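Everything below concerns the one structure shown next.
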Amino acid sequence: FAFHGYLPIKSPERQNAIKDLERRSMANNETELLIETPFRNNAMLQDLCKTLHPATRVCVACNLTCEDELIISQSIGEWKAFKGDLNKKPAVFLVYSEPRRNYRFHK
């Protein structure tokens with residue numbers, strides 16, 4: 001895995017950073033970890049959903065060790081249906097994009 005800390009706040013820098021995380025994950029077969037200030041968690045999840053490939057997996061670990069601890073790991077396609085609220089809760093975001101292979105078929 002690789003820890004990246006905070007991503008840029010503004011687009012397009014933020015979207016570019018998210019795309020770079022996905023490319024790095026795929027190229028190195030590693031999980032990319034990032035954090036966000038708790039009041040921007042919902043915006044981060046929305047940006048991940050807008051930017052990443054639907055098959056890319058994202059885990060959100062929120063309020064760890066608290067009574068309302070939340071740990072969800074699923075594809076971006078599945079995250080798009082998420083209706084929860086991550087606002088003002090400490091969270092860690094993990095991004096993993098499985099290496100995609102281009103298979104060539106010969107006649």
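A quick note: this is a predicted structure, and the numbers were derived from the prediction, not measured.
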Return yes if a side-chain donor-acceptor contact under 3.5 Å exists between His53 and Glu22, otherwise no.
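Distance-only check fails for His53 and Glu22.
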Quick one: closest heavy-atom pair of Pro8 and Glu13, and the distance?
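That would be CB-CB, 3.8 Å.
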If I compare all heavy atoms of Trp79 with all of Ile72, which pair ends up nearest, and what's the gap?
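Distance-wise, the nearest heavy atoms are CZ2-O, 3.4 Å.
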To the nearest 0.5 Å, how far apart are [atom1] in [X] and [atom2] in [Y]?
X	Y	atom1	atom2	value
Gln74	Thr56	CD	OG1	13.0 Å
Leu48	Leu34	CG	CG	6.5 Å
Lys80	Ser75	NZ	OG	9.0 Å
Ile71	Cys62	CD1	SG	9.5 Å
Gln46	Thr51	CD	OG1	11.0 Å
Asn29	Glu98	CG	CD	7.5 Å

Given Leu21 and Leu7, is the side-chain contact (heavy atoms from CB on, under 4.5 Å) satisfied, shown in steps?
CA-CA 10 Å; Leu21 291 178; Leu7 299 186; 4.0 Å; yes
Contact check, side chains of [X] and [Y], non-hydrogen atoms, under 4.5 Å:
X	Y	result
Ile35	Phe3	yes
Val95	Thr31	no
Val58	Tyr96	no
Leu64	Leu70	no

For the pair [X] (side chain) and [Y] (backbone), establish whether a donor and an acceptor sit closer than 3.5 Å, ignoring hydrogens and angles.
X	Y	value
Arg57	Ser73	yes
Gln15	Ser11	no
Ser25	Ser97	yes
Glu69	Cys66	no

Distance-only criterion, 3.5 Å: show the donor-acceptor pairs between side-chain atoms of residues 82-91 and protein atoms not counting sequence neighbours.
{"unit_1": "Asp85", "atom_1": "OD1", "unit_2": "Asn42", "atom_2": "ND2", "d": "2.7"}
{"unit_1": "Asp85", "atom_1": "OD1", "unit_2": "Asn87", "atom_2": "N", "d": "3.0"}
{"unit_1": "Lys89", "atom_1": "NZ", "unit_2": "Asp85", "atom_2": "O", "d": "3.2"}

I'd like to know whether Asp20 forms a side-chain contact (heavy atoms from CB on, under 4.5 Å) with Arg24, so could you lay out the CA-CA distance, the side-chain angles of the two residues, the decisive distance to 0.1 Å, and finally the verdict.
CA-CA 6 Å; Asp20 286 342; Arg24 180 180 171 143; over 6 Å; no
Quick check on the hydrophobic clustering: are Phe1 and Tyr6 connected, directly or via other members, by side-chain heavy-atom contacts under 4.5 Å?
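They do share one cluster, since a chain of ILVMFWY contacts under 4.5 Å joins Phe1 to Tyr6.
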Should Leu45 and Ile9 be regarded as members of a common hydrophobic cluster, given that ILVMFWY residues are connected when their side-chain heavy atoms come within less than 4.5 Å of each other, either directly or indirectly?
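No, Leu45 and Ile9 fall in different hydrophobic clusters.
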Would you call Arg14 and Glu36 a salt bridge, using N to O less than 4.0 angstrom?
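So Arg14 pairs with Glu36 through a salt bridge.
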